[in-house]
S.K.: 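The structure that follows is given in the form of structure tokens.
Note that ligands are numbered from 1 as they come in the structure, with each ligand's atoms numbered from 1 the same way. Being a predicted model, the structure only gives us computed values, none of them experimental.
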Amino acid sequence: MSIQRAGAAGSRVQKLVSRTGLQPVPRPGAFGSMAAAPVDQILVGDCIHSLQSLPEASVDLVFADPPYNLQLEGGLTRPDQSEVDAVDDDWDKFASFADYDRFTRDWLSAAHRAMKPDATLFVIGSYHNIFRVGAILQDLGFWILNDIVWRKANPMPNFRGRRFTNAHETLIWASKGANAKGYTFNYEALKAGNEDCQLRSDWFFPICTGAERLKDAKGKKVHPTQKPEALLARVMMAASKPGDVVLDPFFGTGTTGAVAKRLGRRFIGCERDPGYIAAARERIAAVEPLPEAAFHTPLPKRQEKRVAFASLVEAGLIAAGAELFDEKKRWRVVVRADGAVALGDIVGSIHKIGALAQGLPACNGWTFWRCVENGAEICIDDLRARYRAAAPGEE
Ligand SMILES: C[S@@+](CC[C@H](N)C(=O)[O-])C[C@H]1O[C@@H](n2cnc3c(N)ncnc32)[C@H](O)[C@@H]1O
């Protein structure tokens, strides 16, 4: 949430809001274990029941922005006495930490069941709740992969001047368990978009303001804690693939749904407030998906099928007898009909000969050697990419 205020544990009783009346919550297991998940839909009602109704192991990614249990006591004013639009909604109120913990355990268990074995979960929170959420998800067997600090470019000041400006929120990223393998992390694409540097666990985004912030006819915020789309886009581009099902148990105004649709993912949202649901539906309907090239994620290099250099020769992408050379043209080798290369009398693979020429223990021949094609110099790795694109099923 973008609005924080400190305080002791609230004593106000959580009012479980049941304001929807739109359609009944499906009964647990309603969608069956083999049934298709209800994608691109908002499940109306209490999220725990909705999550329990989903087919087991049916979602690829969970993004959860649960109530933070902010424990606000009384109104908050700015120095000019104007009132701060704080999060004082019923859905954020719990009678005690024990109540909050019980709720957290219930929704996390239900989400765990709905996750595929290789799915991951992001849960966002502030100091009010994130430590409790973190302990509970570890108790439930989730395995924490990272904690990510979302540093806010434009945090709200601490109006009373009694504490540091609370300028960040924390996202916990977790897999289903310590042994969960094969989860999606688009490492190379993220690195490519980050000046070829590994993406760090501290993210810098503004809170949701301006045209992106949904307002009602009177100009009032539709939702007190609407998340920025850039944050959701980062989460989905990092940890999901096009076509994946992204589940959001606390859908609010549908930020997850809007971003999922734009990025070629599918969503399932749970929400019980009819006003937020209506806003989310309208918002998502207006979203135009991006062209696929804008979100397509190439396979990580280590998952790409191996290609033998000989296959390129056999496919006619490079001719036997052609010459390969390095970027600075210090060495030249001849491509042999069997897919090896010859440096004078020495015959070996593109990698071995590349290493030998440079006096190094190893060399990636694909990126080291170049050739001439139609009068232009190209790296032989480009030929390999062309080969893979033409024969994706080949070993
Ligand atoms: C922190 S807000 C999520 C805001 C959302 N990420 C967005 O960008 O609009 C939490 C949402 O969860 C909903 N909520 C809280 N408890 C719920 C429950 N038990 N079942 C379903 N929805 C719930 C609230 O109505 C609220 O909209």
S.K.: With respect to atom 9 (O) of ligand 1, which of I277, D89, T253 exhibits the smallest heavy-atom separation?
M.R.: T253

S.K.: For ligand 1, which atoms, with element, lie under 4.0 Å from some heavy atom of H223?
M.R.: 2 (S), 4 (C), 26 (C), 27 (O)

S.K.: Pick one: which of Y183, F63, W173 meets ring pair (Phe, Tyr, Trp, His ring centres under 6.0 Å) with F122?
M.R.: W173

S.K.: So, regarding R283 and ligand 1 (criterion: nitrogen or oxygen to nitrogen or oxygen, under 3.5 Å), is there a contact or not?
M.R.: no

S.K.: Check for me whether R370 meets the cation-pi criterion with F325, that is, NZ or CZ under 6.0 Å from the six-membered ring centre and within 45 degrees of the ring axis.
M.R.: no

S.K.: Can you find an N or O of P66 that's nearer than 3.5 Å to an N or O of ligand 1?
M.R.: no

S.K.: Applying salt bridge (Lys or Arg N to Asp or Glu O under 4.0 Å) between D326 and each of K328, R330, K329, report the one that passes.
M.R.: R330

S.K.: Counting each atom of ligand 1 from 1 as listed, which ones have a heavy atom of K227 under 4.0 Å away?
M.R.: 6 (N), 7 (C), 8 (O)

S.K.: When the ring planes of W331 and F368 are compared, do they come out parallel, tilted or perpendicular, using 30° and 60° as the limits?
M.R.: tilted

S.K.: Just go through W107, F250, Y68 and tell me whose heavy atom is the nearest to atom 14 (N) of ligand 1.
M.R.: F250

S.K.: Tell me whether T255 has any N or O atom under 3.5 angstrom from an N or O of ligand 1.
M.R.: yes

S.K.: Quick one: sort the Y187 and F185 rings into parallel, tilted or perpendicular, breaks at 30° and 60°.
M.R.: tilted

S.K.: Heavy atoms only: which of V44, T225, L51 lies closest to atom 2 (S) of ligand 1?
M.R.: T225

S.K.: Evaluate the ring planes of H223 and W91, with Trp represented by its six-membered ring, and classify them as parallel (under 30°), tilted (30 to 60°) or perpendicular (over 60°).
M.R.: tilted

S.K.: Considering only heavy atoms, does Y276 approach ligand 1 within less than 4.0 Å through its side chain, its backbone, both, or neither?
M.R.: side chain

S.K.: With a 4.0 Å cut-off, would you call R132 and D101 a salt bridge?
M.R.: yes

S.K.: Which of parallel (below 30°), tilted (30 to 60°) and perpendicular (above 60°) describes F267 and F251?
M.R.: parallel

S.K.: Any N/O of Q226 closer than 3.5 Å to an N/O of ligand 1?
M.R.: no

S.K.: If we set the cut-off at 4.0 Å for heavy atoms, which region of F103 has an atom near ligand 1: side chain, backbone, both, or neither?
M.R.: side chain

S.K.: Which atoms from ligand 1 have a heavy atom of D46 less than 4.0 Å away?
M.R.: 18 (C), 19 (N), 20 (N)

S.K.: Distance under 4.0 Å to a non-hydrogen atom of F251: what atoms of ligand 1 satisfy this?
M.R.: 5 (C), 7 (C), 9 (O)

S.K.: Look at atom 21 (C) of ligand 1 and find which of C270, A258, G45 reaches it with the closest heavy atom.
M.R.: G45

S.K.: What is the distance from atom SG of C371 to atom CZ of R332, rounded to the nearest 0.5 Å?
M.R.: 12.0 Å

S.K.: Under a 4.0 Å N-O cut-off, is there an ion pair linking R266 with D40?
M.R.: no

S.K.: Should you measure from each heavy atom of D65, which atoms of ligand 1 turn up under 4.0 Å away?
M.R.: 1 (C), 2 (S), 3 (C), 4 (C), 5 (C), 6 (N), 10 (C)

